[in-house]
Amino acid sequence: MEDKDVRVRYAPSPTGIPHVGNIRTALFNWLFARHNGGSLIVRIEDTDQARTQEGAIQAILESLRWLDIDWDEGPEVGGDFGPYLQSERLDIYDRYARKLLESGAAYHCYCSAERLKAARDEQSRLKQMPVYNGRCRDVSEDEAKASGDTDIPVVRFRVPTGRTITFNDRIREKVSFDSDILGDFVLIKTDKFPTYHMANVVDDHLMKISHVLRAEEWLSSTPRHLLLYEALGMIPPQYGHLPIILGPDRSKLSKRHGAAALLDYRGLGFVPDAMVNYLALMGWSLDDHTELFARNELVEHFALERVGKTGAIFDITKLSWMNGVYLRDMPAGRFVEDALPILESKLPPAVPRPLDRAYAERVLPLLQERIKTLEELPEIAAFFFADEISHDPAALIPKKMDRDATISALNAAATNLDPLESWDPDSLEALLRPLAPDLGIKTGQLFGALRVAVTGRTAAPPLFDTMSVLGRERCMKRIQDAVNLLTYPTDAG
RNA sequence: GCCCCUAUCGUCUAGCGGCCUAGGACACCGCCCUUUCAAGGCGGAGAUCACGGGUUCGAAUCCCGUUGGGGGCACCA
């Protein structure tokens, strides 16, 4: 299917930090826009004065920026169809509400919130559909006002009865609803702000939106929107309802599932390209085997036809794997840029700052292919930067060796190492590899003891590279410390 | 309660009537490589295609029903 003159929008409400699912919707809109050479509009739906949160808009834009999702119209960039904050468009909605009032497609309702709440409770008690019971629907304005219990009316849409609304969803194909279950919904609230339904329809029309790609939770309000377009004499956009992202328990992903805000993942050491790649695969796929996509490949291949219908559980394990792939494929220079700030802030306070950049540039390549997230870095890099490391005597002694044998092996290594002229990996290996058979032990045993002596860990990057980067002084001191520890064990140890 | 959507390995998914004794990936388990850890290579286990009826020479693929899951039913979006 050809899609021409594509104008899509990402229309979040600034009620908090955007979640993964929310940004996935933004990503799909972006991919669709870029694939078709269209535009992405960002529109802030701040029509709920009570729930609007300070800083939320910044968090939204920051999330988009982190993933490098750029928008053609909206906050900060402007555009020909602004303003892009709904709270600045109140007069526009008012104008359309009047139109509907005049044509009889809408009416004033003088029922108070309390009364409606009571009615709803009663309805659900009787196991009925909790919709507006239409008290003000079929009486004159004066009668409604007279029998009402509030002076400030809301504007309600008069939903036609006995209609079947059918539409062709781009993802779900044919969907239909019976208008009788809809209930007359509110268009303009008592505070003069529009509801989502009203603002959404008016703005999508005015902003010439061609496709509405939104989460599945909106599917059942689509008939309302279609009816509104009809009453306004406007042509509706095409709709596509995206599958929802779920938590491990299969309910909509939310805070109680742990990291749910997109930006949480930045803090957890994920890189944006991996995040974009993974998110694209939440509900979309190209074929039966490709899953690593560069951004431009995503744009090139993205198609609504290949978006799935079922909710997808967000699997951080697979995301981690993918992040590891991106980290390993990253040019060393980029990796250093990404890694340095984390090291700078998360290494123990005892490590002097700022870090020695040249030294870090030698350390980081040894670590790059050993982590899945940047957050793992400080922990495995610590021994490179710390002056003092602690040894676990038990770990120091290799399998099938005893304490004395370990001490002599370490001493022998130190003695041989001492006169070594150049402290590079090849020289170190040339010297140490033959030493094991001389001592009557296996290379694995010698190297193992040295590794723990020099790094304090049983798992570390390749020994000779590690020793070379650490430098002669640190290595010799740590070997000596290990020998001392084994020779004079402390009671506490 | 009502409405809508949906249903393939634990998870993400391929499959759009015969290429399927169901393919890939993550995770898991072995083996190889190897000084450890990673990475990589090879192999394994893992889905009676939710269930029951149809349609058809033939169904994971089409239709109906059941069940499960999700979403919605506000002066929230």
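As the structure is a computational prediction, the values presented were derived from the model and not from experiment. In what follows, every chain begins at residue 1, and chains take the letters A, B, ... in the order their sequences are listed.
- Relative orientation of the A/Phe157 and A/Phe185 rings is tilted, given thresholds of 30° and 60° on the angle between their planes.
- A side-chain donor-acceptor contact under 3.5 Å links A/Glu141 and A/Tyr110.
- Across all strands shown, the partner of B/rA25 is B/rU11, judged by Watson-Crick or G-U wobble contacts whose two distances both fall under 3.5 Å.
- Distance noted for atom C1' between B/rC57 and B/rU67: 31 Å (whole Å).
- Checked by atom type, the side-chain pair A/His257/A/Asp249 shows a donor-acceptor distance below 3.5 Å.
- Salt bridge status for A/Asp48 with A/Arg51: present, with a side-chain N to carboxylate O gap under 4.0 Å.
- Nucleic acid contact class of A/Pro461 (heavy atoms, under 4.0 Å, all strands): base.
- Using modelled atom types and a 3.5 Å distance limit, the side chains of A/Asp287 and A/Thr290 yield a donor-acceptor pair.
- At the heavy-atom level, A/Gly283 lies under 4.0 Å from the strands shown only through sugar-phosphate atoms.
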**OP:** Evaluate the side-chain contact (heavy atoms from CB on, under 4.5 Å) criterion for residues A/Phe177 and A/Phe167: first the C-alpha distance (whole Å), next the side-chain angles of each, then the deciding distance (0.1 Å), finally the verdict.
**Re:** CA-CA 9 Å; A/Phe177 290 85; A/Phe167 61 100; 3.9 Å; yes
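- To the nearest angstrom, P of B/rC76 lies 10 Å from NE2 of A/His197.
- Looking at heavy-atom distances under 4.0 Å, A/Lys252 makes contact with sugar-phosphate atoms alone, never a base.
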Enumerate the protein-to-nucleotides 2-11 of chain B contacts in which both atoms are nitrogen or oxygen and the separation is below 3.5 Å.
| residue | atom | partner | partner atom | Å |
| --- | --- | --- | --- | --- |
| B/rC5 | O2' | A/Arg172 | NH1 | 2.7 |
| B/rC5 | O2' | A/Glu216 | OE2 | 3.1 |

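- Heavy atoms of A/Val154 sit under 4.0 angstrom from at least one base atom.
- Residue A/Phe464 is classed as a base contact, given a heavy-atom separation below 4.0 Å to a base.
- For the P atoms, the distance from B/rG30 to B/rA14 is 31 Å, rounded to whole Å.
- We find that CD of A/Glu291 is positioned 11 Å from P of B/rU13, with the value rounded to whole Å.
- Residue contacts shown for A/Cys111 include a base, since a base heavy atom lies under 4.0 Å away.
- Here A/Arg214 lies out of heavy-atom contact (under 4.0 Å) with every strand.
- Remark: the separation of the C1' atoms in B/rA47 and B/rC5 is 24 Å, to the nearest Å.
- The residue A/Thr47 sits close only to the backbone: its heavy atoms come under 4.0 Å of sugar-phosphate atoms, none of a base.
- In this structure, a donor-acceptor pair under 3.5 Å is absent between the side chains of A/Asn323 and A/Thr373.
- Between A/His225 and A/Tyr196, the ring-plane angle classifies as tilted under the 30° and 60° cut-offs.
- Spacing between atom CD of A/Glu429 and atom C1' of B/rU34 amounts to 12 Å, rounded to whole angstrom units.
- No side-chain donor-acceptor contact under 3.5 Å links A/Asn411 and A/Ser408.
- The side chain of A/Arg24 places no N or O atom within less than 4.0 Å of a non-bridging phosphate oxygen (OP1 or OP2) of B/rC12.
- As a whole-Å value, the separation of A/Leu242 CG from B/rG71 C1' is 14 Å.
- Across all strands, A/Ser13 comes closer than 4.0 Å only to sugar-phosphate atoms, never to a base (heavy-atom distances).
- Of the nucleotides present, none pairs with B/rU55 by Watson-Crick or G-U wobble criteria with both distances under 3.5 Å.
- Closest contact between the side chain of A/Glu217 and the listed nucleotides B/rG71, B/rC75, B/rG23 involves B/rG71.
- The same atom, P, is picked in B/rC16 and in B/rA60; the two are 13 Å apart, to the nearest Å.
- Counting any heavy atom pair closer than 4.0 Å across all strands shown, A/Thr317 reaches sugar-phosphate atoms only and no base atom.
- Distances shorter than 4.0 Å separate some side-chain N or O of A/Arg120 from OP1 or OP2 on B/rC75.
- Atom CZ in A/Arg43 sits roughly 12 Å away from atom C1' in B/rA77 (whole-Å rounding).
- Between the CD1 atom of A/Ile244 and the C1' atom of B/rG70 there is a distance of 7 Å, given to the nearest Å.
- Atom C1' of nucleotide B/rU36 and atom CG of A/Asp465 are separated by 13 Å, given to the nearest angstrom.
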Might you list the N or O atoms of the protein lying below 3.5 Å from N or O atoms in nucleotides 38-45 of chain B, with each pair's distance?
| residue | atom | partner | partner atom | Å |
| --- | --- | --- | --- | --- |
| B/rA38 | O2' | A/Glu369 | O | 2.6 |
| B/rA38 | N1 | A/Glu369 | OE2 | 3.3 |
| B/rA38 | N3 | A/Glu369 | OE2 | 2.7 |

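- Pair assignment for B/rG1: B/rC73, on the basis of Watson-Crick or G-U wobble contacts that are both within less than 3.5 Å.
- Nearest nucleotide to the side chain of A/Arg51, out of B/rU13, B/rC75, B/rC76: B/rC76.
- For the P atoms, the distance linking B/rG23 with B/rC9 amounts to 13 Å, nearest Å.
- Using the Watson-Crick or G-U wobble rule with both distances under 3.5 Å, B/rU48 pairs with nothing in any strand shown.
- Shown are A/Leu213, A/Ile60, A/Ile41; of these, the side chain to side chain contact (heavy atoms under 4.5 Å, CB included) with A/Tyr10 is made only by A/Ile60.
- In this structure B/rU61 sits in no base pair that meets the Watson-Crick or G-U test at under 3.5 Å.
- Here A/Glu297 does not pair with A/Arg295 in a salt bridge; the nearest charged N to carboxylate O distance is not below 4.0 Å.
- Straight-line distance from the NE2 atom of A/His225 to the P atom of B/rC73: 11 Å, rounded to whole Å.
- Salt bridge annotation for A/Glu216-A/Lys309: absent, with no cationic side-chain nitrogen under 4.0 angstrom from a carboxylate oxygen.
- Spacing between B/rC42 and B/rC51 at atom P, rounded to whole Å, works out to 34 Å.
- With both pairing distances under 3.5 Å, B/rC37 is matched to nothing as a Watson-Crick or G-U wobble pair.
- When the nearest nucleotides of RNA chain B are assigned to A/Arg224 and A/Leu281 by heavy-atom distance, the more 5′-ward of the two goes with A/Leu281.
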Original post:
Would A/Leu227 and A/Leu182 count as a side-chain contact (heavy atoms from CB on, under 4.5 Å) if you check the C-alpha gap in whole Å, the side-chain angles of each, and the deciding distance to 0.1 Å?
Top reply: CA-CA 11 Å; A/Leu227 252 14; A/Leu182 261 25; 3.7 Å; yes
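- If you check every strand for non-hydrogen atoms under 4.0 Å, A/Pro462 touches a base.
- B/rC32 and B/rA38: their C1' atoms are spaced 16 Å apart (whole Å).
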For nucleotides 48-51 of chain B, tabulate all protein N/O to nucleotide N/O atom pairs closer than 3.5 Å, reporting atom names and distance.
none

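- A salt bridge does not link A/Glu45 to A/Arg89: none of the charged nitrogens lies less than 4.0 Å from a carboxylate oxygen.
- The only option from A/Asp203, A/Asp204, A/Asn29 that meets the side-chain hydrogen bond (donor to acceptor under 3.5 Å, both in side chains) definition with A/Arg9 turns out to be A/Asp204.
- The P atoms of B/rG70 and B/rU8 are separated by 14 Å, rounded to the nearest whole Å.
- For the pair A/Trp218 and A/Met282, both in contact range of RNA chain B, the more 5′-proximal nearest nucleotide belongs to A/Met282.
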